[in-house]
Amino acid sequence: MDIRTRAVLTGTAKDSQYNSVITPIYPTSTFRFEELGKHKGYDYTRSGNPTRAALEENIAALEGGLGAAATATGMAAIATVLFLLEPGDHVVTGHDIYGGTYRLFKDVFAKRRISFSFVDMMDPEAIKKAMRPKTRLIWIETPSNPLLHIVDLEAVIGLAKNKKAWAVVDNTFLSPYFQRPFEFGADIVVHSTTKYLNGHSDVVGGAIVFNNAKLGEKVRFYVNALGVSESPFDAWLVLRGVKTLPQRMEAHQKNALKIASFLEGHPRVKKVYYAGLESHPQQDLIKKQMKGFGGMLAFELDIKKVPLKIFFKKMKLFQLAESLGGVESLIEHPWSMSHASMGPEGLKASGITKETVRISAGIESPEDLIADLKNALGK
Ligand SMILES: *Cc1c(COP(=O)(O)O)cnc(C)c1O
């Protein structure tokens, strides 16, 4: 079935008592046993809940996975995947990954006997060089945040497979509508459902999607043991939002392309990063592994001509805020906001500068959005 059909219908038709079209919320912590040793599939909500299970079915169907675990946040999903490792294990990842992921790796797990190599993921040779006998996981984000560097999924997942390491892809930026890492052999796909999957900026959540039953069992064990599963209310909200993912992604992309094209021609903009522009240097890879370009873009602002504070202050429609993937357009300064936790060293390695501005294109009128940018950039 088409992804638009799966998005709307998977995880619904769960109420056989009243035939409600919408999957009910089961806000219960516990479930009554029929008799000793016999229940109806659920015993305690941390371990399993029908509303959460419906969402997990939906997300797994969108990614083409076998199953999924919905977690309280995206970071909860990422931390859970790291718990699959043993002390002494080694991870290879990019130096321009999501700021919170970088912090979790460097300031939490690196202090607990997991070691990390942060490399240029666009260079398979650099990855190969960084791999050690104890490398058990390659952590991939593509496109990268916020500079939209594309990582070759087939090549990098191949490197992981050669060494029997897991290939994990954070697919938050493009969503399964525009990129499906399982088609390239990924072992696990993670999401911050806070972003495009929910799409309405009213919930935080995450997901771990797997397509191997044994790995899935492990993931479920850790989600339950760590207690990071998503609340039924939040799961219900994400299930409501995810139904319009295809239509929203098309709208985000249309606006992002128009905004990027406008910025590219503006004299006070030094450089624009967007996968949908012909100026993006990785055209072949984009065509090979992406079904679209998404709604995220970034640019280098000429801050000598337009001071940052004034630029952001002049914005009327774009809201100065972290996060992304909601229907409203957001704008932010990675250096001091979303990526500040990387520290000066991490920021420098990633290529983010004080002039980098990131946009999450919403679904408002593109003419209104461009007029807002035009005004803030000045003549
Ligand atoms: C936001 C984000 C996360 C973290 O998700 P939370 O829901 O904020 O915990 C992880 N990866 C990427 C790419 C993100 O954008």
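Source: prediction; values computed, not measured. Note that ligands are numbered from 1 as they come in the structure, with each ligand's atoms numbered from 1 the same way.
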Quick check on ligand 1: any N or O pairs to the protein under 3.5 Å? One line per pair.
unit_1   : atom_1 : unit_2 : atom_2 : d
ligand 1 : 5 (O)  : S192   : OG     : 3.0
ligand 1 : 7 (O)  : G74    : N      : 2.9
ligand 1 : 7 (O)  : S192   : OG     : 2.8
ligand 1 : 7 (O)  : T194   : OG1    : 2.6
ligand 1 : 9 (O)  : G74    : N      : 3.0
ligand 1 : 9 (O)  : M75    : N      : 2.9
ligand 1 : 11 (N) : D170   : OD2    : 2.7
ligand 1 : 15 (O) : K195   : NZ     : 2.7

| Quick one: side-chain hydrogen bond (donor to acceptor under 3.5 Å, both in side chains) pairs with a partner in residues 4-32, sequence neighbours left out? | D2-R4, K14-E57, D15-S20
| said: Tell me if the aromatic rings of W139 and F105 count as close, with their centers under 6.0 Å from one another. | reply: yes
| message | I'd like to know if E125 pairs up with K128 as an ion pair, taking the criterion as any Lys NZ or Arg NE/NH1/NH2 lying under 4.0 Å from an Asp or Glu carboxylate oxygen. | response | yes
| message | Looking at every heavy atom in both A251 and I363, which two are closest together, and how far apart are they? | response | CB-CG2, 3.6 Å
| said: Go through it in stages, so that I can follow the logic: the residues are Y98 and F173, the test is ring-ring contact (aromatic ring centres under 6.0 Å, His included), and I'd like the CA-CA distance, side-chain angles, deciding distance and then a yes or no. | reply: CA-CA 10 Å; Y98 175 71; F173 251 47; 8.6 Å; no
| Sub-6.0 Å ring centroid separation between H252 and Y196 | yes
